[in-house]
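Contents: one structure, followed by commentary.
Order of listing sets the numbers, starting from 1, for every ligand and every atom in it.
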Amino acid sequence: MLKDLLFPKKCLSCQTWGDYLCPDCLNKLSLVKNPICPVCFRPARYGKTHPHCLKKDKNSLDGLISIFLYKGIIKKALLKLKKNYLKDLSSTLVELFLSFGGENKELSRLIRRKPIFIPLPMTKKEINYQGFNPHHLLGRLITQNLGIPFLDQAILKQAELKENSCFSEYNKAFLINEKLSFKGVSEVFLFKDIFKNGRDLRVCAKLLKQKGVKKVWGLTLALDSKKT
Ligand SMILES: [Zn+2]
Ligand SMILES: [Zn+2]
(Lines give C-alpha, C1' and ligand atoms only; values in the text may rest on other atoms or scores of the structure.)
(Ligands and ions follow the chains in the order given, each with its own letter.)
Protein backbone atom coordinates (compact mmCIF):
# COMPACT_ATOMS: atom_id res chain seq x y z
CA MET A 1 0.00 0.00 0.00
CA LEU A 2 1.13 3.54 -0.75
CA LYS A 3 0.62 4.43 2.90
CA ASP A 4 3.21 1.82 3.92
CA LEU A 5 5.75 3.35 1.54
CA LEU A 6 5.15 6.86 2.81
CA PHE A 7 5.05 5.89 6.48
CA PRO A 8 7.24 2.80 6.82
CA LYS A 9 6.81 0.95 10.10
CA LYS A 10 9.42 -0.52 12.41
CA CYS A 11 8.89 -3.28 14.96
CA LEU A 12 8.42 -1.58 18.34
CA SER A 13 10.65 -4.15 19.97
CA CYS A 14 13.50 -5.14 17.64
CA GLN A 15 13.30 -2.21 15.18
CA THR A 16 13.01 -4.47 12.11
CA TRP A 17 11.28 -2.68 9.23
CA GLY A 18 7.88 -4.01 8.21
CA ASP A 19 5.29 -3.87 10.95
CA TYR A 20 4.78 -2.52 14.48
CA LEU A 21 4.98 -6.06 15.80
CA CYS A 22 7.16 -8.41 13.78
CA PRO A 23 6.45 -12.18 13.73
CA ASP A 24 9.54 -13.00 15.84
CA CYS A 25 8.54 -10.61 18.61
CA LEU A 26 4.93 -11.78 18.45
CA ASN A 27 6.17 -15.26 19.36
CA LYS A 28 7.56 -13.83 22.59
CA LEU A 29 4.28 -12.30 23.77
CA SER A 30 3.55 -12.83 27.47
CA LEU A 31 0.05 -14.07 28.12
CA VAL A 32 -1.79 -14.03 31.44
CA LYS A 33 -1.53 -17.67 32.52
CA ASN A 34 -2.68 -17.24 36.11
CA PRO A 35 -5.80 -15.08 36.24
CA ILE A 36 -6.38 -13.08 39.42
CA CYS A 37 -9.34 -12.00 41.52
CA PRO A 38 -9.89 -8.27 40.79
CA VAL A 39 -10.57 -7.56 44.48
CA CYS A 40 -7.69 -9.24 46.36
CA PHE A 41 -5.30 -9.86 43.40
CA ARG A 42 -4.71 -13.47 44.51
CA PRO A 43 -4.95 -16.24 41.89
CA ALA A 44 -8.53 -17.08 40.99
CA ARG A 45 -9.92 -19.69 38.65
CA TYR A 46 -10.91 -18.11 35.31
CA GLY A 47 -10.45 -14.68 36.96
CA LYS A 48 -13.71 -15.04 38.87
CA THR A 49 -13.90 -12.91 42.03
CA HIS A 50 -13.57 -15.18 45.10
CA PRO A 51 -16.97 -15.74 46.74
CA HIS A 52 -15.63 -14.37 50.06
CA CYS A 53 -14.28 -11.25 48.28
CA LEU A 54 -17.66 -10.66 46.62
CA LYS A 55 -19.46 -11.28 49.89
CA LYS A 56 -17.60 -8.37 51.46
CA ASP A 57 -18.68 -6.11 48.61
CA LYS A 58 -21.46 -7.58 46.50
CA ASN A 59 -21.40 -4.59 44.16
CA SER A 60 -17.81 -5.17 43.12
CA LEU A 61 -16.60 -6.76 39.91
CA ASP A 62 -17.66 -10.36 39.32
CA GLY A 63 -14.37 -11.16 37.67
CA LEU A 64 -11.53 -9.97 35.52
CA ILE A 65 -10.26 -11.17 32.18
CA SER A 66 -6.95 -9.79 30.94
CA ILE A 67 -5.23 -11.33 27.97
CA PHE A 68 -1.61 -10.09 27.99
CA LEU A 69 0.86 -9.21 30.70
CA TYR A 70 1.68 -5.52 30.63
CA LYS A 71 5.30 -5.87 29.61
CA GLY A 72 7.54 -6.27 26.56
CA ILE A 73 6.05 -5.50 23.20
CA ILE A 74 2.47 -5.11 24.46
CA LYS A 75 3.61 -2.42 26.90
CA LYS A 76 5.56 -0.67 24.13
CA ALA A 77 2.58 -0.85 21.77
CA LEU A 78 0.12 0.52 24.35
CA LEU A 79 2.48 3.34 25.32
CA LYS A 80 2.95 4.23 21.65
CA LEU A 81 -0.79 4.15 21.04
CA LYS A 82 -1.38 6.50 23.97
CA LYS A 83 1.16 8.94 22.57
CA ASN A 84 -0.22 8.93 19.05
CA TYR A 85 -3.54 7.95 17.61
CA LEU A 86 -2.39 5.22 15.20
CA LYS A 87 -5.29 3.49 13.55
CA ASP A 88 -3.28 0.56 12.22
CA LEU A 89 -1.61 -0.02 15.60
CA SER A 90 -5.00 -0.11 17.31
CA SER A 91 -6.23 -2.61 14.70
CA THR A 92 -3.14 -4.77 15.25
CA LEU A 93 -3.71 -4.77 19.03
CA VAL A 94 -7.37 -5.67 18.57
CA GLU A 95 -6.48 -8.50 16.16
CA LEU A 96 -4.07 -9.89 18.77
CA PHE A 97 -6.66 -9.50 21.51
CA LEU A 98 -9.25 -11.36 19.44
CA SER A 99 -6.96 -14.17 18.39
CA PHE A 100 -5.47 -14.82 21.85
CA GLY A 101 -8.71 -13.94 23.62
CA GLY A 102 -10.48 -16.51 21.42
CA GLU A 103 -8.48 -19.21 23.21
CA ASN A 104 -9.77 -18.04 26.61
CA LYS A 105 -12.71 -20.34 27.35
CA GLU A 106 -14.23 -18.10 30.02
CA LEU A 107 -14.12 -15.09 27.71
CA SER A 108 -15.72 -17.04 24.87
CA ARG A 109 -18.44 -18.30 27.22
CA LEU A 110 -19.22 -14.79 28.44
CA ILE A 111 -19.18 -13.27 24.93
CA ARG A 112 -21.79 -15.81 23.79
CA ARG A 113 -24.13 -14.27 26.38
CA LYS A 114 -23.92 -10.98 24.43
CA PRO A 115 -22.83 -8.71 27.26
CA ILE A 116 -22.86 -4.96 26.73
CA PHE A 117 -19.42 -3.41 26.37
CA ILE A 118 -18.90 -0.22 28.31
CA PRO A 119 -15.56 1.54 27.88
CA LEU A 120 -13.97 3.20 30.89
CA PRO A 121 -14.62 6.94 30.58
CA MET A 122 -12.04 9.72 30.67
CA THR A 123 -12.56 13.36 31.61
CA LYS A 124 -12.95 15.92 28.81
CA LYS A 125 -9.59 17.38 29.80
CA GLU A 126 -7.88 13.97 29.55
CA ILE A 127 -9.45 13.36 26.14
CA ASN A 128 -8.42 16.82 24.92
CA TYR A 129 -4.88 16.27 26.15
CA GLN A 130 -4.52 12.80 24.70
CA GLY A 131 -6.64 13.42 21.62
CA PHE A 132 -8.80 10.32 22.13
CA ASN A 133 -9.93 7.75 24.68
CA PRO A 134 -7.97 4.50 24.10
CA HIS A 135 -10.53 2.40 26.02
CA HIS A 136 -13.20 3.71 23.69
CA LEU A 137 -11.12 3.22 20.53
CA LEU A 138 -10.04 -0.35 21.32
CA GLY A 139 -13.38 -1.36 22.87
CA ARG A 140 -15.39 -0.18 19.90
CA LEU A 141 -13.15 -2.06 17.46
CA ILE A 142 -13.50 -5.24 19.51
CA THR A 143 -17.30 -5.04 19.62
CA GLN A 144 -17.47 -4.32 15.89
CA ASN A 145 -15.54 -7.53 15.29
CA LEU A 146 -17.60 -9.59 17.72
CA GLY A 147 -20.99 -8.11 16.81
CA ILE A 148 -21.91 -7.25 20.39
CA PRO A 149 -23.38 -4.00 21.75
CA PHE A 150 -21.18 -1.07 22.73
CA LEU A 151 -22.55 1.56 25.08
CA ASP A 152 -20.67 4.82 25.23
CA GLN A 153 -21.31 7.50 27.88
CA ALA A 154 -22.91 5.06 30.34
CA ILE A 155 -20.52 6.30 32.99
CA LEU A 156 -19.00 9.75 33.12
CA LYS A 157 -15.71 10.80 34.67
CA GLN A 158 -15.55 14.22 36.22
CA ALA A 159 -12.18 14.35 37.94
CA GLU A 160 -8.69 13.18 37.15
CA LEU A 161 -7.11 10.50 39.29
CA LYS A 162 -3.65 9.25 40.12
CA GLU A 163 -2.72 5.68 40.82
CA ASN A 164 -2.32 6.55 44.50
CA SER A 165 -5.61 8.50 44.78
CA CYS A 166 -7.70 7.12 47.61
CA PHE A 167 -10.89 5.12 47.21
CA SER A 168 -13.15 8.06 48.11
CA GLU A 169 -11.52 10.16 45.35
CA TYR A 170 -12.23 7.33 42.90
CA ASN A 171 -15.79 7.15 44.21
CA LYS A 172 -16.37 10.84 43.58
CA ALA A 173 -14.70 10.86 40.17
CA PHE A 174 -17.21 8.58 38.41
CA LEU A 175 -20.91 9.15 37.86
CA ILE A 176 -23.60 7.07 36.22
CA ASN A 177 -25.29 8.77 33.28
CA GLU A 178 -28.80 9.35 34.62
CA LYS A 179 -30.07 10.09 31.11
CA LEU A 180 -29.70 6.43 30.14
CA SER A 181 -31.89 3.57 31.21
CA PHE A 182 -30.22 0.36 32.32
CA LYS A 183 -33.46 -1.58 32.30
CA GLY A 184 -32.90 -5.00 30.78
CA VAL A 185 -29.11 -4.69 30.94
CA SER A 186 -28.05 -7.78 32.83
CA GLU A 187 -24.39 -8.38 31.93
CA VAL A 188 -21.66 -5.87 31.24
CA PHE A 189 -18.01 -5.96 30.29
CA LEU A 190 -16.26 -2.88 31.58
CA PHE A 191 -13.40 -2.41 29.18
CA LYS A 192 -10.08 -0.63 29.50
CA ASP A 193 -6.54 -1.03 28.21
CA ILE A 194 -4.63 -2.02 31.37
CA PHE A 195 -5.63 -3.39 34.78
CA LYS A 196 -3.50 -1.61 37.35
CA ASN A 197 -4.99 -1.14 40.82
CA GLY A 198 -8.51 -1.87 39.53
CA ARG A 199 -10.10 0.89 41.64
CA ASP A 200 -11.63 2.58 38.59
CA LEU A 201 -13.21 -0.66 37.38
CA ARG A 202 -14.51 -1.61 40.83
CA VAL A 203 -16.11 1.82 41.36
CA CYS A 204 -17.75 1.73 37.91
CA ALA A 205 -19.00 -1.82 38.57
CA LYS A 206 -20.67 -0.57 41.73
CA LEU A 207 -22.42 2.27 39.86
CA LEU A 208 -23.80 -0.18 37.30
CA LYS A 209 -24.92 -2.71 39.89
CA GLN A 210 -26.74 0.02 41.81
CA LYS A 211 -28.74 0.51 38.61
CA GLY A 212 -29.72 -3.15 38.57
CA VAL A 213 -27.04 -4.64 36.30
CA LYS A 214 -26.54 -8.20 37.56
CA LYS A 215 -23.05 -9.12 36.42
CA VAL A 216 -20.13 -6.82 35.70
CA TRP A 217 -16.82 -8.24 34.52
CA GLY A 218 -13.67 -6.25 33.99
CA LEU A 219 -12.03 -6.86 30.64
CA THR A 220 -8.61 -5.49 29.80
CA LEU A 221 -6.11 -6.00 27.07
CA ALA A 222 -3.27 -6.17 29.58
CA LEU A 223 -2.60 -6.90 33.24
CA ASP A 224 0.10 -4.97 35.05
CA SER A 225 2.55 -7.76 35.91
CA LYS A 226 3.28 -6.24 39.34
CA LYS A 227 -0.06 -7.72 40.36
CA THR A 228 0.83 -11.31 39.48
ZN1 LIG B 1 10.41 -7.44 16.34
ZN1 LIG C 1 -10.27 -12.40 46.00
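Between E126 and K157 a salt bridge is recorded (basic side-chain N to carboxylate O distance below 4.0 Å). Salt-bridge check for D19 with K10: failed, with every basic side-chain N at 4.0 Å or more from each acidic carboxylate O.
Taking all atoms of both residues into account, the shortest heavy-atom contact from N59 to Q210 is ND2-CG, 4.0 Å. What you find for L89 and A77 is that their closest heavy atoms are CD2-O, 3.6 Å.
Inside a sphere of radius 2.8 Å centred on the Zn ion (ligand 1), the protein N/O/S atoms present are C11 SG, C14 SG, C22 SG, C25 SG. Of all protein N/O/S atoms, those under 2.8 Å from the Zn ion (ligand 2) are C37 SG, C40 SG, H50 ND1, C53 SG, and waters are not counted.
The ring of H136 has its center closer than 6.0 angstrom to the ring center of F150.
Each of R202, K209, K206, K214 was compared with D62 under the salt bridge (Lys or Arg N to Asp or Glu O under 4.0 Å) criterion, and only K209 meets it.
Looking only at side-chain heavy atoms (C-beta outward), E106 and W217 come within less than 4.5 Å of each other. Side-chain atoms of I65 and V32, non-hydrogen and from C-beta on, never get closer than 4.5 Å to each other.
Atoms SG and OH, on C11 and Y20 in that order, are 11.5 Å from each other to the nearest 0.5 Å.
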